[in-house]
Amino acid sequence: MECHDLSSFTKIKINLHFGVMEHAFEPLKNDLIIRAAWGQKVERPPIWVMRQAGRYLPEYHQAKGTRDFFECCRDPEVASTLTLQPIERFAGLIDAAIIFSDILVIPQAMGMTVEMVDKKGPHFPNPLKSPDDGQYAEVMNKKVDVAKELDYVYKAITLTRKKLQGRVPLIGFCGAPWTLLCYMVEGGGSKIFKEVKTWIYKYPEETKALLQKIAEVCVEYLALQVKAGAQLIQVFDSWAGELSPSSFKKFSQPYLEYIAKHLPRKLKEMGLDPVPMIVFPKGAWYALDAACDMGYNVVGLDWLHSPEQTLKTVGDRPITIQGNADPGVLYGSHASITEVVEEMVKGYDWANRKKGWIVNLGHGITPFVNPEDLRFFFQEVHRLTKTD
Ligand code: 1CP
């Protein structure tokens, strides 16, 4: 009889009831968001908020200490601790964790230097200047080893899944190619987007080649996140709203579609089951109709959309909407929070539909919000969607 040592056993794929998985994790005790993302009827709408692990939480500052931001991302122990903080604080009220990382790890993996400047945000000391600049050729020609360069993210995901012990699903994410391109050429956040507008209107073909390169990295990166244990994925197109309807069709949509088409194929090749995919094209209100046909299961909306109009636009397509309270309401009174939740519950026709909605803010939670006001938001969603 053939003899196997135990270590090779632990490495082989374990065929669980749910399909072939790379790791053995505890079964989910709360899979509400996964069922809602697949479009199933659910007992109540799942809730999480973008940027739920971060600066508004005192425990975030305490755990981070004086460490550099990217140092936290690269340390699986720290990253998993930060990911779990909102899950622990809001236990029983929150339905998903999102891995603590940043969208800008992809430009780093592509060979660019990105620093996180305290109280200012991301900074690229050497942004891409123009297609004639040697750095463009370098980035385009670099064979990105996505498995090696971002190994720390996969390790953080696997460790987080273990620590979660099935409490809630874990979301993996990446930045959309358009949004990443903005940072790579602007060198950080921007108000007028001078550089990236120069790129799209002066060098459209070179811009598209770079977007395609980023999209390919995104697919591989997301697939490896799923292999490591991510149970849903979200693509953040935070700067989609800087494009016109026509330029969105040229410089964002094709690459979002590429990811939605190729990720499931890649997962299949890897022997992994598909996971629900969320797209968040922030500010691109004109693209809601198109976003419903881009191949994603969930479309995340900012607060510029009314739920009623959204439902009309979605029609009978099997799309779940995620969102979309104005994050600013968390600076307001509890009466205002209640009103905003009531408007969403009514607007998404929850009492009749019981599907197609994941509750979230319309963008990330902002610094200086009192976490207890977020708790009140969660509690109000639970209270106003309870079925006896
Ligand atoms: O709970 C979580 O969501 C934490 C994980 C997370 C995610 C999903 C972080 C941690 N960043 C992100 C995504 C991210 N990063 C986006 C997409 C979401 C969005 O639009 O908000 C974007 C645009 C970034 C880029 C980025 N990183 C910014 C924005 C700068 C700008 O141009 O306006 C900032 C400030 C960061 C730093 C960052 N990322 C995450 C945290 C907790 C922080 C703050 C770091 C600190 O000061 O301690």
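FYI, side chains are in, hydrogens and waters are out, and symmetry mates aren't considered; it's all heavy atoms of this structure. Counting convention: from 1, in listed order, for ligands and their atoms alike. When a residue number appears, it is its place in the shown sequence, counting from 1.
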Phe251 six-ring face occupied by Lys208 cation (under 6.0 Å, within 45°): yes

Residue list, side-chain hydrogen bond (donor to acceptor under 3.5 Å, both in side chains) with Glu257, at least two apart or on another chain: Gln253

Take atom NZ in Lys142; do more than 12 heavy atoms of anything else shown fall under 6.0 Å from it? yes

Report all protein residues having a heavy-atom distance below 4.0 Å to some atom of ligand 1; order the list by chain, then number. Arg51, Gln52, Ala53, Gly54, Arg55, Tyr60, Lys64, Phe69, Ile98, Ile99, Phe100, Ser101, Asp102, Ile103, Met116, Pro122, Phe173, Tyr183, Gly189, Phe236, Ser238, Trp239, His363

Answer with yes or no whether the side chains of Ser336 and Ser333 bring together a donor and an acceptor at under 3.5 Å. yes

Treating Ser252 as the side-chain partner and Trp178 as the backbone partner, does any N or O pair qualify as donor plus acceptor under 3.5 Å? no

Partner of Cys72 under side-chain contact (heavy atoms from CB on, under 4.5 Å), picked from Glu77, Lys64, Met116, is Lys64

